[in-house]
Each structure stands twice: as structure tokens, then as C-alpha cells.
Amino acid sequence: MTPTLDLVDVGEHVCWVVEPHQGYAAATSAFLADGELFGDKVVIVGPPLDPAASAEVPRDATLVDPRSILGDGPAPDLGPMLGLVRREADMAGRQGYRALRVLAVMDQLIPPETGIEALIDHELRLDRLVADHEAIMVCAYGRDSFGAATLDHVACVHPRELGNGRSGPSFRMFSSGPGSWAVCGVVDSDGATAFGAALAAATALSPTLRLHLDDLELMDAAGMRALVEAAADTSVHRITIEGANPTVRSCWEMLGYSNCEIRVELTP
């Protein structure tokens with residue numbers, strides 16, 4: 001959890017759960033002003049949630065109409081959003097900027113009925129892209145626009161979060177390199193669904209995964225079952241677990257997974 005957007009740095013991907021009428025304009029203004037201060041290229045996808053913030057948009061900021069990304073199809077296609085970030089990040093480097101700084105107003109991009117699995121897949125892909133291109137990405141989700149379950153699960157696939165009042169899954173999974181993902185916190189029955197969706201998204205990016213569990217406190221039977229189910233997908237070659245603590249290793253053995261033909265390997 002990060003208290004303000006002032007602390008967001010290059011290479012970070014932040015989930016911002018925006019409370020109704022609680023300082024959105026001030027936080028947005030500070031985030032965008034820092035772009036000018038540090039020499040970043042500023043891109044805003046969607047209009048500000050609070051019209052009062054419009055006056056604080058830097059003159060040279062790129063404003064992107066969400067309709068130009070989503071298209072006219074019945075279901076949202078978030079692939080163009082990834083393409084936009086990739087192109088703008090490449091251009092920012094050639095144009096002499098320090099980094100790309102993006103504020104994405106997710107209320108304008110994501111219909112509230114969008115499935116959690118699709119959102120997790122999008123955010124994990126975006127997280128890897130932000131890390132690879134050393135961009136700065138803030139995804140602003142209005143609490144009034146999305147259900148609590150959606151916000152809880154989406155926050156799990158951001159390395160950092162701004163907001164309060166979240167009581168859902170207590171783990172995070174985020175990119176730590178090509179084909180490599182860090183998992184921290186606790187993966188229990190409350191987070192098993194989100195963890196399974198995150199693993200499915202990660203294996204779609206790379207059939208051979210490395211999961212770094214150095215900062216994972218606990219994974220219960222539901223979390224391990226999600227891991228086994230992910231490895232059972234025919235497209236998955238292998239999932240390698242690194243840094244698991246003694247408790248996680250003991251639970252894995254007690255459940256009998258160490259003696260099964262599962263494409264999961266716990267390294268020493």
C-alpha cells in the first residue's frame with residue numbers, strides 16, 4: 001500500500017482505488033505535475049474522474065479517447081491499450097523524456113460487467129510491459145463503478161496499491177522478469193480464484209514460468225490446488241517454484257504433491 005502518488009517511481013504499476021469525492025483532483029494534479037518536474041512524457045487515457053482536475057493537465061500531455069482503444073465491438077478489447085503503452089514508451093525514449101507516465105481512468109475503459117479473469121489477464125500483461133519499458137502506470141478504478149470483488153482481485157495483480165478499505169485477497173503477483181513472477185503475502189481460500197486466474201494469464205504469456213515466493217508467508221491447500229490446476233493445462237511446460245519457505249514446502253509434501261506427476265518443481 002502506498003499513501004500517495006508522490007511516491008510512485010519509474011517501473012511501477014499502481015492500482016488506485018478512487019473513493020468518491022476524496023481528493024482525486026489533488027492527487028491527480030500532483031502526479032501529472034511530477035511528470036513535468038522529472039521530464040516524463042505524460043499520457044492520460046480517458047477524461048479525469050473529477051472535472052476539476054482538467055485544469056491541471058500539463059499542456060503537452062497526450063490525451064487519449066477511450067473509444068479509440070476499445071473500438072465498437074460488444075466486448076472490450078484491451079489489446080490496443082497494451083499497444084498504446086508500448087508505442088508511447090518507445091517514443092518517449094526517442095524524444096528525450098526520462099520515462100513514460102500514464103494515468104488510465106479504468107472507469108472509461110472497462111465496463112463494470114467485465115469478467116475478473118479478463119481484467120487480471122490485462123493487468124498482468126500491462127505489469128510486465130511497464131517493467132520491461134521502465135514506464136510509470138497508474139490504473140484508477142472508481143470504487144462507485146466496480147464491485148468490491150472486482151477491485152479486490154484486480155489489486156492483487158498490481159505491485160502497489162493506493163487506497164484503503166480493501167479486505168479481499170491478501171497476496172500480490174507481479175512481474176519480476178521475462179517468464180518470472182513474484183508472489184508475496186498470503187494465498188488462501190479467499191485468494192485462490194484470483195491466484196488461479198493470475199497463473200492462467202501468466203502461462204498464456206510463457207508456458208515455462210518461474211514463481212519467486214521469497215516474500216510469500218503462506219499458501220494453503222486452496223492456493224496449492226490452484227497451482228496444480230494451472231500446471232495441468234496442456235499448454236504449460238513447467239512451473240518452477242523458488243524461495244518457498246519451510247511451511248509452504250511442508251504443506252506441499254503433506255498434500256502429496258511432491259510424489260505426483262505434476263509439472264511443478266520446488267527448487268532448493
Side-chain angles (χ1 to χ4, degrees), residues 8 10-17 43-46 64 66 68-71 73 75-93 99-111 113-141 146 150-161 169 171-184 187 191 193-212 226-227 230-231 233 235-237 239:
V8 179
V10 174
E12 294 191 327
H13 177 209
V14 179
C15 177
W16 180 15
V17 178
V43 173
I44 303 172
V45 183
V64 180
S68 68
I69 295 177
L70 297 178
D77 178 9
L78 293 171
M81 174 69 180
L82 300 175
L84 169 72
V85 174
R86 186 179 293 107
R87 288 193 305 273
E88 291 292 345
D90 289 340
M91 288 176 58
L100 175 68
R101 177 178 293 251
V102 183
L103 172 66
V105 185
M106 303 305 288
D107 300 55
Q108 305 295 324
L109 289 163
I110 307 294
E113 64 274 11
T114 301
I116 289 173
E117 291 80 6
L119 280 175
I120 286 177
D121 178 83
H122 169 69
E123 292 291 2
L124 268 191
R125 291 173 183 271
L126 189 57
D127 185 63
R128 177 171 168 179
L129 181 61
V130 168
D132 288 346
H133 288 265
E134 297 188 331
I136 304 170
M137 184 88 203
V138 172
C139 300
Y141 286 84
F146 298 92
T150 297
L151 295 174
D152 288 342
H153 288 75
V154 165
C156 292
V157 287
H158 288 77
R160 297 182 68 179
E161 178 184 356
F171 79 94
R172 294 192 187 280
M173 179 170 164
F174 49 89
S175 176
S176 58
S180 179
W181 303 85
V183 184
C184 62
V187 180
T193 299
F195 184 54
L199 288 172
T203 53
L205 286 169
S206 174
T208 302
L209 294 184
R210 287 189 176 275
L211 297 182
H212 297 275
L227 179 58
D233 190 299
S235 66
V236 177
H237 296 168
I239 299 176

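At a threshold of 4.5 Å between non-hydrogen side-chain atoms, the residues Leu211 and Ile239 count as touching. Put simply, the side chain of Met173 reaches to within 4.5 Å of the side chain of Leu199, judged on heavy atoms. Counting heavy atoms from C-beta on, the side chains of Met81 and Val45 come closer than 4.5 Å. The closest side-chain heavy-atom distance from Asp121 to Arg125 is below 4.5 Å. In this structure, the side chains of Arg128 and Leu205 come closer than 4.5 Å at one or more pairs of heavy atoms. The shortest side-chain heavy-atom distance between Phe195 and Cys156 does not fall under the 4.5 Å cut-off. Side-chain contact between Leu126 and Cys139 is present, with at least one heavy-atom pair separated by less than 4.5 Å. Side-chain contact check for Trp16 versus Val8: every heavy-atom pair is 4.5 Å or farther apart.
Side chains of Ser180 and His212: a donor on one and an acceptor on the other come within 3.5 Å.
Between the Thr203 side chain and the Ala200 main chain, a donor and an acceptor come within less than 3.5 Å of each other. Under the 3.5 Å distance criterion, the side-chain polar atoms of Arg210 are left unmatched by any main-chain donor or acceptor of Pro178.
For the pair Ala99 and Val10, the tightest heavy-atom approach, listed with the atom from each and the gap, is CB-CG2, 4.0 Å. When all heavy atoms of Val130 and Glu12 are compared, the closest pair comes out as CG1-O, 3.7 Å. The minimum heavy-atom distance linking Val157 with Ala198 is given by the pair CG1-CB, 4.0 Å. Across all their heavy atoms, Cys184 and Phe174 have their closest contact at SG-CE2, 4.0 Å. Closest heavy-atom contact between Pro66 and Gly46: CG-CA, 3.5 Å. For the pair Cys15 and Ala155, the tightest heavy-atom approach, listed with the atom from each and the gap, is SG-CA, 4.0 Å.
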side-chain contact (heavy atoms from CB on, under 4.5 Å) between Leu119 and His153, worked out: CA-CA 9 Å; Leu119 280 175; His153 288 75; over 6 Å; no
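Arg87 contributes atom CZ, which lies 10.5 Å from atom CG of Leu82 (distance to the nearest 0.5 angstrom). Distance check, rounded to the nearest 0.5 Å: CH2 of Trp181 to OG of Ser175 gives 5.0 Å. The CE atom of Met137 sits 8.0 Å away from atom CG of Leu103, with the distance rounded to the nearest 0.5 Å. Expressed to the nearest 0.5 Å, how far OG1 of Thr114 lies from CD of Glu117 amounts to 11.5 Å. Distance OG1/Thr193 to CD1/Ile120: 9.0 Å, rounded to 0.5 Å.
Using the six-membered ring where Trp is involved, Phe146 and Tyr141 have ring planes that are perpendicular, over 60° apart on the 30 and 60° scheme.
Considering His158, His122, His13 as possible partners of Asp127, the one that fulfils the side chain to side chain donor-acceptor pair (under 3.5 Å) test is His13.
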